[in-house]
Amino acid sequence: MAHGDVGLELGARVAGALRRGLGVEITPVEAVVRPSTREGADYQCNAAMSLAKRIGKAPREVAQAIVDHLDAADMVEPPEVAGPGFVNLRLRDEWLRARAAGLLGDPRLGVPAAEEPRRYALDYSSPNVAKEMHIGHLRSSIIGDAVLRLLRFAGHEVTPHNHLGDWGTPFGMLIEHLVDEGHSADTGISDLNRFYQEARAKFDADPAFAERSRARVVALQGGDEATLTLWRELVGESTRYFQKVYELLGILLTPGDIYGESFYNPYLDAVIEDLDAKGLTTISDGAVCVFPPGFANREGDPLPLIVRKSDGGYGYASTDLATARYWAAERGMSDLLYVVGMPQAQHFQMVFAASRQAGYLTDAHTAVHIGFGTILGEDGKTIRTRAGGSVKLVELLEEAVQQAAKTVAERSSLDSDRQVEVARAVGIGAVKYADLSNDREKDYVFTWSRMLAKEGNTSVYLQYANARAHSVLRKAGQEPAGEVLITEPAERALVLKLLQLPAALAATVEAYAPHKLCAYLYEAATAFTAFYDTCPVLRSDVPAETRASRLVLTKVTSDVLTLGLDLLGIAAPHEL
RNA sequence: GCCCUCGUAGCUCAGCGGAUAGAGCAGGAGCCUUCUAAGCUCUUGGCCGCAGGUUCGAGUCCUGCCGAGGGCGCCA
């Protein structure tokens with residue numbers, strides 16, 4: 001039972017009124033019906049003012065025409081014109097009650113599925129083989145995963161792909177080091193960071209080793225089978241490690257989603273030839289370049305995308321062009337999404353521009369760089385360990401779980417096994433929510449005390465509200481069913497908020513902006529706790545119909561919170 | 001030097017061209033014989049960086065300036 005955005009539904013009614021009253025055609029979106037903060041108004045229509053000039057009438061006159069011709073008596077109370085030409089709309093309680101009751105048992109909670117599903121290729125996470133994941137991979141993994149869940153729920157086909165750094169010059173020294181170590185079974189590379197650093201140190205100190213490493217790169221790229229076997233071992237070990245991190249973080253990526261740099265390697269020559277055949281390439285200082293229009297360097301000269309280095313090697317521009325071509329042309333995707341930090345914004349603009357020049361992307365395709373800001377330490381600078389190194393992701397997550405466990409131990413009455421699970425849900429949820437609840441394009445400050453706070457706009461607040469709802473449901477001794485009644489203001493406010501999930505999700509998906517969903521969920525949780533506070537459900541003096549109605553509202557609220565948290569990749573335990 | 005992003009309450013952040021700019025934290029005052037107080041209610045606190053412009057209407061759009069961060073050819 002999909003209903004969608006209440007504001008758009010009202011917008012459609014307003015559009016009808018304008019057509020009948022003034023012969024003006026507008027779309028429901030153009031009716032600009034928005035939730036109102038005014039006393040007594042649930043929504044307000046702002047269309048009259050902007051239309052006034054266009055049709056040569058006074059704003060209030062237009063507003064009055066909307067009011068006079070509005071066919072929405074089933075939905076709203078008789079509307080009124082206010083101020084310079086606002087039309088204030090108050091939903092009828094009967095309508096709210098029926099809608100709210102319709103949410104019970106609806107797995108989509110009123111959210112319609114996309115009418116025209118699209119095919120998305122979503123690039124996120126992208127760690128490097130033979131390197132431990134660090135805090136720099138956190139945002140891409142968390143945001144990308146949320147986008148994946150959100151788009152899928154919206155009814156689209158989404159193919160995630162993990163662009164592993166699994167190719168290039170460092171692998172010469174890594175493989176050579178693996179050979180030196182006399183690697184067998186599970187010794188040697190399980191500590192990835194140490195392994196990488198050892199190889200690096202040897203490369204810098206030992207010219208003979210460096211020479212062997214360079215030869216090894218050539219062997220690797222030449223397809224030498226013995227070398228490839230060792231390389232696969234490195235990749236395999238890393239993949240197993242990434243999978244553990246993803247599992248800890250609750251990220252949906254699997255080994256099957258890996259499309260590393262090596263995957264695109266066989267396509268690179270063809271891409272360069274193709275660009276060349278289309279007359280897009282220029283040789284500059286020995287490098288093969290594409291100059292997409294509109295980009296300049298510091299001297300004001302055209303800025304190149306170097307598709308083949310002067311030494312004949314390939315850089316990330318080549319790989320990214322091959323990636324675009326592969327997903328759009330070979331896999332038939334309509335939309336290419338890249339969850340990569342903001343500093344790469346210009347690079348992606350250039351890659352997209354060149355891809356369009358080359359015809360890899362057409363008007364039927366969209367390509368979006370879902371950029372994100374940097375995680376800052378409490379000093380406002382890029383976060384680092386005291387030693388100045390990058391913060392290891394696993395250590396950070398373990399600390400989050402540990403800190404959460406302390407609070408859980410103080411508060412929870414669950415047995416210790418279940419407390420472990422709850423601490424994980426709370427700790428990991430806190431890290432994810434702190435990230436997702438900020439506008440992704442901005443930098444944000446990573447603060448333990450704030451993200452794990454026992455109060456305020458945190459994941460714990462949402463999880464706690466949900467747990468309280470479940471507690472009521474557990475103790476009710478009856479299944480939620482029946483009519484929804486509205487007697488208390490808190491009940492009305494909650495119903496109104498629950499019906500805004502479709503609008504919140506639509507806004508979230510449209511802008512790939514999970515923080516909009518976070519804001520909505522926090523409002524919903526706030527509305528619920530106010531309801532919880534003033535509207536007893538199970539108390540003996542509550543009439544049976546009221547009890548049943550409130551159980552329905554409690555159930556729908558917990559469904560909304562659980563779904564919302566799930567779309568963010570955050571667990572919603574029934575008990576804390 | 002050019003380009004991009006960001007400047008909103010003491011702090012951390014929302015804010016879709018619309019009415020008197022909202023939350024959380026911190027500060028102040030209250031609320032547990034009652035479904036989880038990780039909660040609720042009330043309250044203090046704003047030249048929306050500055051200056052122009054567009055508009056019936058600007059925190060939001062445009063221009064300039066100031067401040068912070070990032071990018072600007074063979075790392076990815």
Side-chain angles (χ1 to χ4, degrees), chain A residues 32 34-38 44 46 49-50 52-53 58-59 82-86 88 126 128 163 165 168-170 261 284-289 295-301 303-311 313-317 319-320 340-347 349 371 373-374 376 380-382 407-408 410-413 426 434 437-439 441-445 447 449-450 453-458 460-461 463-465 467-476 507 510-511 515-516 518-519 522-523 526 529-530 532-542 550 554 575-576:
Chain A
V32 277
R34 299 279 144 79
S36 177
T37 53
R38 307 298 279 194
Q44 60 183 58
N46 304 332
M49 281 88 72
S50 55
K53 177 169 270 185
F86 298 102
N88 286 337
S126 312
N128 295 310
H163 201 104
T169 47
E261 286 164 13
S284 174
D285 294 339
V288 181
C289 302
F295 298 92
N297 68 10
R298 79 186 78 202
E299 277 79 39
D301 300 327
L303 195 58
L305 220 38
I306 295 174
V307 294
R308 183 154 56 204
K309 299 190 284 184
S310 51
D311 68 0
Y314 297 105
Y316 75 147
T319 318
D320 283 346
V340 180
M342 283 306 292
Q344 312 259 6
Q346 184 175 255
H347 166 73
Q349 291 320 306
T374 309
L376 305 176
K381 295 179 181 163
T382 305
T407 310
V408 170
E410 285 168 19
R411 301 276 164 178
S412 180
S413 54
V426 169
S437 59
N438 283 296
D439 182 346
E441 292 194 5
K442 294 189 186 176
D443 297 346
Y444 84 96
V445 178
T447 317
S449 62
R450 229 185 342 269
K454 286 180 286 210
E455 61 276 308
N457 183 7
T458 60
V460 187
Y461 181 88
Q463 290 169 324
Y464 183 64
R468 291 168 112 188
H470 274 285
S471 175
V472 172
L473 294 169
R474 254 195 322 277
K475 290 178 179 168
E510 165 160 16
H515 81 279
K516 289 175 191 268
C518 293
Y522 183 65
E523 287 167 14
T526 301
T529 50
Y532 182 92
D533 217 49
T534 54
C535 301
V537 182
L538 306 177
R539 220 165 59 184
S540 55
D541 59 342
V542 175
R550 289 177 178 171
T554 301
E575 293 175 72
L576 300 186

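The sequence lines fix the lettering, A, B, ..., with proteins before strands; numbering per chain opens at 1.
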Enclosure of A:Glu510 CD (heavy-atom neighbours >12, cutoff 6.0 Å)
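Result for CD/A:Glu510: open.
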Tell me: [atom1] of [X] to [atom2] of [N], nearest whole Å?
{"X": "A:Glu261", "N": "B:C75", "atom1": "CD", "atom2": "P", "value": "13 Å"}
{"X": "A:Asp311", "N": "B:C75", "atom1": "CG", "atom2": "C1'", "value": "12 Å"}
{"X": "A:Lys309", "N": "B:C75", "atom1": "NZ", "atom2": "C1'", "value": "8 Å"}
{"X": "A:Tyr522", "N": "B:C13", "atom1": "OH", "atom2": "C1'", "value": "12 Å"}
{"X": "A:Asn88", "N": "B:G18", "atom1": "CG", "atom2": "C1'", "value": "12 Å"}
{"X": "A:Asn46", "N": "B:A19", "atom1": "CG", "atom2": "P", "value": "8 Å"}
{"X": "A:Met49", "N": "B:G57", "atom1": "CE", "atom2": "P", "value": "12 Å"}
{"X": "A:His347", "N": "B:G73", "atom1": "NE2", "atom2": "P", "value": "14 Å"}

Under 4.5 Å between any side-chain heavy atoms of A:Leu376 and A:Tyr444, yes or no?
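They are not in contact (no side-chain heavy atoms under 4.5 Å apart), so the answer is no.
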Any side-chain heavy-atom pair of A:Glu261 and A:His163 under 4.5 Å
yes
A:Thr554 and A:Tyr532: side chain donor to acceptor below 3.5 Å:
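Note: A:Thr554 and A:Tyr532 side chains miss the donor-acceptor criterion.
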What's [X] touching, base or sugar-phosphate or nothing? Going by heavy atoms closer than 4.0 Å.
{"X": "A:Gln463", "result": "nothing"}
{"X": "A:Ser50", "result": "base"}
{"X": "A:Ser471", "result": "base"}
{"X": "A:Val445", "result": "sugar-phosphate"}
{"X": "A:Asp285", "result": "base"}
{"X": "A:Glu575", "result": "base"}
{"X": "A:Arg38", "result": "base"}
{"X": "A:Ala82", "result": "base"}
{"X": "A:Gly315", "result": "sugar-phosphate"}
{"X": "A:Cys518", "result": "nothing"}
{"X": "A:Pro343", "result": "sugar-phosphate"}
{"X": "A:His515", "result": "sugar-phosphate"}
{"X": "A:Glu523", "result": "nothing"}
{"X": "A:Ser284", "result": "base"}

Looking at [X] and [Y], what are the two nearest heavy atoms and their distance?
{"X": "A:Thr534", "Y": "A:Pro536", "answer": "O-CD, 3.3 Å"}
{"X": "A:Ile306", "Y": "A:Ala287", "answer": "CG2-CB, 4.0 Å"}
{"X": "A:Ala465", "Y": "A:Thr529", "answer": "CB-CG2, 4.3 Å"}
{"X": "A:Ser284", "Y": "A:Cys289", "answer": "CB-SG, 4.0 Å"}

Quick one: does A:Asp443 reach the base of B:A68 with a side-chain donor-acceptor pair under 3.5 Å?
no
Would you state whether a donor and an acceptor, one from the side chain of A:Arg450 and one from the base of B:U12, lie under 3.5 Å apart?
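No, no donor-acceptor pair under 3.5 Å.
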Candidates [options] - which lies nearest the side chain of [X]:
{"X": "A:Asn438", "options": "B:C35, B:C13, B:A19", "result": "B:C13"}
{"X": "A:Leu303", "options": "B:U36, B:C72, B:C35", "result": "B:C72"}
{"X": "A:Arg468", "options": "B:A37, B:C25, B:C35", "result": "B:A37"}
{"X": "A:Ile306", "options": "B:G24, B:C74, B:G18", "result": "B:C74"}

Report the stems of RNA chain B as range-with-range entries sorted by first number; a stem here is at least three consecutive pairs, Watson-Crick or G-U wobble, both distances under 3.5 Å, and write none if there are none.
B:1-7 with B:66-72, B:10-13 with B:22-25, B:27-31 with B:39-43, B:49-53 with B:61-65
Between [N] and [M], how many Å separate the two [atom1] atoms, rounded to a whole number?
{"N": "B:G17", "M": "B:U54", "atom1": "C1'", "value": "12 Å"}
{"N": "B:G22", "M": "B:U63", "atom1": "P", "value": "29 Å"}
{"N": "B:A58", "M": "B:A19", "atom1": "P", "value": "11 Å"}
{"N": "B:U5", "M": "B:U43", "atom1": "C1'", "value": "37 Å"}
{"N": "B:C42", "M": "B:U36", "atom1": "C1'", "value": "24 Å"}
{"N": "B:G15", "M": "B:C72", "atom1": "C1'", "value": "33 Å"}
{"N": "B:A37", "M": "B:C47", "atom1": "C1'", "value": "40 Å"}
{"N": "B:G49", "M": "B:U12", "atom1": "P", "value": "15 Å"}

Please state whether the rings of A:Tyr522 and A:Tyr461 are parallel, tilted or perpendicular, taking 30° and 60° as the class boundaries.
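Taking A:Tyr461 first and then A:Tyr522, their aromatic rings sit tilted (interplane angle of 30° to 60°).
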Pairwise 5' ranking along RNA chain B for A:Gly165 and A:Gln44, keeping only the more 5' one
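Nearest-nucleotide comparison on RNA chain B picks A:Gln44.
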If you pin A:Ser437 and A:Asn457 to their nearest nucleotides in RNA chain B, which one's is more 5'?
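Checking each residue's closest nucleotide, the 5'-ward one belongs to A:Ser437.
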With A:Val460, which of A:Val426, A:Thr407, A:Val408 fulfils side chain to side chain contact (heavy atoms under 4.5 Å, CB included)?
A:Val426
Which label fits B:C4, syn or anti, where anti is any glycosidic angle not within 90° of 0?
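Chi for B:C4 falls in the anti range.
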Under 3.5 Å donor-acceptor, A:Asn297 side chain and A:Leu303 backbone:
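Here the side-chain-to-backbone pair does not exist.
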So, the side chain of A:Ser412 versus the backbone of A:Leu576: is there a donor-acceptor pair under 3.5 Å, distance only?
yes
Please confirm whether the shortest side-chain N or O distance from A:Lys454 to OP1 or OP2 of B:C25 is below 4.0 Å.
no
side-chain contact (heavy atoms from CB on, under 4.5 Å) for A:Lys454 and A:Tyr464? Distances and angles first, verdict last.
CA-CA 10 Å; A:Lys454 286 180 286 210; A:Tyr464 183 64; over 6 Å; no
Return a single string for nucleotides 2-10 of chain B, one symbol per nucleotide in 5' to 3' order, where B is base contact, S is sugar-phosphate-only contact and - is none, cutoff 4.0 angstrom on heavy atoms.
----SS---
Worked check of side-chain contact (heavy atoms from CB on, under 4.5 Å) between A:Phe295 and A:Gln346:
CA-CA 9 Å; A:Phe295 298 92; A:Gln346 184 175 255; 4.2 Å; yes
Could you check whether A:Tyr532 and the base of B:G39 form a stacked pair, meaning centres closer than 5.5 Å and planes differing by less than 30°?
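A:Tyr532 ring does not meet the centre or angle cut-off for B:G39; no stack.
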